[in-house]
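For reference, the structure discussed in these notes is given below.
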Protein chains: 4
Amino acid sequence: MPIALRPRTKPPAERRDELMNAAERLFLARGFEGTTVEEITTGAEVAKGTFYLHFATKGDVLEALRERFVQGLLDAVTAAVAGQPRDDWRGRLAAWARACAIGYLDAASLHHLVFVAVPPPSREGMARNVLVDHLDDLIAAGAHGGAWTIEESGFTAVFLFNALHGVVNQAAAGEPTGDRGSLLRALEAHVFRAVGLRPEAG
Amino acid sequence: MPIALRPRTKPPAERRDELMNAAERLFLARGFEGTTVEEITTGAEVAKGTFYLHFATKGDVLEALRERFVQGLLDAVTAAVAGQPRDDWRGRLAAWARACAIGYLDAASLHHLVFVAVPPPSREGMARNVLVDHLDDLIAAGAHGGAWTIEESGFTAVFLFNALHGVVNQAAAGEPTGDRGSLLRALEAHVFRAVGLRPEAG
Amino acid sequence: MPIALRPRTKPPAERRDELMNAAERLFLARGFEGTTVEEITTGAEVAKGTFYLHFATKGDVLEALRERFVQGLLDAVTAAVAGQPRDDWRGRLAAWARACAIGYLDAASLHHLVFVAVPPPSREGMARNVLVDHLDDLIAAGAHGGAWTIEESGFTAVFLFNALHGVVNQAAAGEPTGDRGSLLRALEAHVFRAVGLRPEAG
Amino acid sequence: MPIALRPRTKPPAERRDELMNAAERLFLARGFEGTTVEEITTGAEVAKGTFYLHFATKGDVLEALRERFVQGLLDAVTAAVAGQPRDDWRGRLAAWARACAIGYLDAASLHHLVFVAVPPPSREGMARNVLVDHLDDLIAAGAHGGAWTIEESGFTAVFLFNALHGVVNQAAAGEPTGDRGSLLRALEAHVFRAVGLRPEAG
DNA sequence: AATGAATGAGCGTTCATTCAT
DNA sequence: CATGAATGAACGCTCATTCAT
């Protein structure tokens, strides 16, 4: 005989968000398999059953987390690049690297969780693809605009994306090679080098 | 009255290896959490209890797999670099990248399993560190020898290691940017660029 | 701003009937345990909570279904028997068997559901008892009237009732021993024999 | 960290039987859905997991119970009929009815459970069919041998089987129409009547 | 060394029921 | 009257680990 002690209704979107937030925090701390649905609902201060009012399975929250992450990062990167003059390829590339690195610095573990530790069912690295595609386009456009010479922009995009992801991850993992500022500077220099620009140039 | 159809006992090392092989195959195919101890022992053709004669917990096999992987890759990379003239830094760097890439191409999923999907308990990327340290030493030595100018060899090592890992992984993931040969050539060119060498030079 | 597309309220009796109809259909199709309250309310096109405005528990609908079934069948049987001359015992018995068989043929699964699959809490076969009692009375009256010789009318009533139920059920279960007409004829013959009448007699 | 307090091994068949016995008792007392696996294992004095060493699902015990019941009853009935002279059709029919009734009197609820309350997945009443078929053969053989005149032995078999089942069930349900002996006598008389024999004859 | 029956904590999911709106 | 979000006890099933043989 279930007794509803606190059946306080909230807008579905809000409840859903609270569940996602609790899940994100727990997945990050103990992994996906290491987190129980009950912990998530406890974290969101709802009853266990409420979880299934918003997600069909435990895996579904992860899916939702994935989408939320990708959208946020893509928005940030797009905005940063768009903030640069149309033909300043160097600036656009630097903006991309910087925005992406900052996004990862803020959410490296989350990215790891949703795309690496528990890869999406279909293809590995959907986010990777979305972001890499964006970078690919940028590099190809710069090459077309004469900013640099890159033969296979796809390869370079993958190369740079992973390099960036790695150094950021390393930094986030607590083995810092310096503060955030110097990280971004060093990253920029390496990105420039990778496309054949001289890092020190303005 | 049990009949010993096959030798019931084997040297511990051999049994252990068979269990590790079965575990590796299964972990790769179904993931760590998705594999049961019973499946491992069935795969190794021993009884369930035998597992615990060789490993204290399920996690321990993964640990052992990690160590086996790192040692093998490190040996290969070390040998490849040692095969180059002492002062041919360019050649040594290229050898490093090539050996490491080939090692990953041959065992990308295994690396993913033991270092990414189920990260080691203590610090993230022990293998990364062992291999990155090796690369770090190489870059620092080359800088010291005047082959290139790198201020923070550690950063560059992490940068390159992850870039390499990423492009190799992409290739392994079935979205090839070309065949293995062209992958290695493109990789070499980017590695050279990253340390400031001109790729096209011999 | 909710818009009342259909009248939101209905006479209680009507709502209750709709819920019972939906429940009957679902219970028949998927069993009592296999049907959820939500499916019933969906079937009746009302909200989940509305169910509890009409029934205290899920078991209560079944109870209501039971009563509805018994009443209907008893009415039909009573009417059929009453349609025969007062002293035509043979005719009355045949009418009983025929009406009861037809009632079951039309609702065999429903009977099975409410009296067999989920027997009433208290005594087994309330319907059986109501109908059996009716038959018992009829047989006893016929014996008293000299139509046949039956010592324990109760036993014979139970015997006949179950025999009837069984052959009808078999027919309903899709393993017909003939069409409905021949079923009723064969049944009549067996019923007559069971009370010691010669079947072929007029 | 599971601790085995009493890991006492028993022959699989014995454990399986103990689980089946516990399940039978509980299913009979509280129904299939009303019984939990844990109650079964508690009843059999084993741990929960042990259940799944012997049955894949909860439904599987019921299946096993079904088979055990049918086999036992069929054996008893066959033996009883075989104990009568080959051409004593009256005696064979009486033996059939008596053995079947006794079998049911001893296990009426069990029959109800395994064949009626939770019908087998495929067709309704496998036992019914097996036993009915047996009776069908007997009636047909008797008709062929001139013992009685029955046109549709299948119909009569179903009729008698269900009549028998009903009166026995009624008796078992605690509403006795007399003691076991008089039940069997009354049953015999009705069975004879149903095939057109005069009950009082020797 | 090897076995495999036994254990039991734990998990994801379901769903009858309640009640604030 | 009607709604449907919220509740939480309960259940079937899994599986890492133990240990008597």
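Proteins get letters first, then strands, A, B, ... in listed order; numbering begins at 1 in each.
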Discussion item. Looking at A:Thr42 and A:Glu38, would you say the former's side chain and the latter's main chain have a donor-acceptor pair under 3.5 Å?
Written reply: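 Such a contact is found between A:Thr42 side chain and A:Glu38 backbone.
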
Round to the nearest Å and state the distance from [X] atom [atom1] to [N] atom [atom2].
{"X": "A:Leu26", "N": "E:dG12", "atom1": "CG", "atom2": "P", "value": "12 Å"}
{"X": "C:Leu19", "N": "F:dC1", "atom1": "CG", "atom2": "C1'", "value": "13 Å"}
{"X": "C:Glu14", "N": "F:dC1", "atom1": "CD", "atom2": "C1'", "value": "14 Å"}
{"X": "B:Ile40", "N": "F:dC15", "atom1": "CD1", "atom2": "C1'", "value": "12 Å"}
{"X": "D:Lys10", "N": "F:dA20", "atom1": "NZ", "atom2": "P", "value": "17 Å"}
{"X": "A:Asp60", "N": "E:dG12", "atom1": "CG", "atom2": "P", "value": "13 Å"}
{"X": "D:Tyr52", "N": "E:dA9", "atom1": "OH", "atom2": "C1'", "value": "15 Å"}
{"X": "A:Glu33", "N": "F:dA16", "atom1": "CD", "atom2": "P", "value": "11 Å"}

Which one, [options], comes nearest to the side chain of [X]?
{"X": "A:Leu53", "options": "F:dG12, F:dA5, F:dC1", "result": "F:dA5"}
{"X": "A:Ala47", "options": "F:dT17, F:dT7, F:dG12", "result": "F:dT7"}
{"X": "A:Val37", "options": "E:dT18, E:dT13, E:dA1", "result": "E:dT13"}

Side-chain N or O of [X] versus OP1/OP2 of [N]: is the shortest distance under 4.0 Å?
{"X": "A:Arg15", "N": "F:dA6", "answer": "yes"}
{"X": "D:Thr50", "N": "E:dA6", "answer": "no"}
{"X": "C:Lys48", "N": "F:dG4", "answer": "no"}
{"X": "B:His54", "N": "E:dA1", "answer": "no"}

For residues [X] and [Y], report the shortest heavy-atom separation together with the two atoms involved.
{"X": "D:Thr57", "Y": "D:Tyr52", "value": "CA-CE2, 4.3 Å"}
{"X": "D:Ala64", "Y": "D:Phe55", "value": "CB-CE2, 4.1 Å"}
{"X": "D:Ala22", "Y": "D:Ala44", "value": "CB-N, 3.8 Å"}
{"X": "D:Glu39", "Y": "D:Thr35", "value": "OE1-CA, 3.4 Å"}

Worksheet entry | Helical stems, DNA chain F - three or more consecutive Watson-Crick or G-U wobble pairs below 3.5 Å |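 The stems that DNA chain F takes part in, listed by first number, are E:2-21 with F:2-21.
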
Fill in: A:Gly59 vs D:Gly49, nearer the 5' end of DNA chain E by closest nucleotide
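Closest to the 5' end, via its nearest nucleotide, is D:Gly49.
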
Discussion item. Nearest heavy atom decides the nucleotide; on that basis, is A:Phe51 or C:Phe51 closer to the 5' end of DNA chain E?
Written reply: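 The residue closer to the strand's 5' end, by nearest nucleotide, is A:Phe51.
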
Discussion item. Does A:Met20 form a side-chain contact (heavy atoms from CB on, under 4.5 Å) with A:His54? I'd like the steps, not just the answer.
Written reply: CA-CA 10 Å; A:Met20 283 175 68; A:His54 298 274; over 6 Å; no

Contact class for [X] (heavy atom, under 4.0 Å): base, sugar-phosphate, or nothing?
{"X": "D:Pro12", "result": "nothing"}
{"X": "D:Thr41", "result": "nothing"}
{"X": "A:Thr36", "result": "sugar-phosphate"}
{"X": "B:Thr42", "result": "nothing"}

Practice prompt. Flag this pair as yes if the NZ/CZ of A:Lys58 is under 6.0 angstrom from the six-membered ring centre of A:Phe27 and inside a 45 degree cone about the axis; otherwise no.
Written response: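 Judged by the rule (NZ or CZ under 6.0 Å from the ring centre, within 45° of its axis), A:Lys58 is not positioned above A:Phe27.
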
Worksheet item: Are B:Arg16 and B:Asn21 close enough that a side-chain donor and a side-chain acceptor fall under 3.5 Å?
Response: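 Side chains of B:Arg16 and B:Asn21: no pair found under 3.5 Å.
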
Worksheet item: Taking for each residue the nucleotide of DNA chain F bearing the nearest heavy atom, is the 5' side occupied by B:Lys58 or by D:Glu39?
Response: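 Its nearest nucleotide lies further toward 5', so the answer is D:Glu39.
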
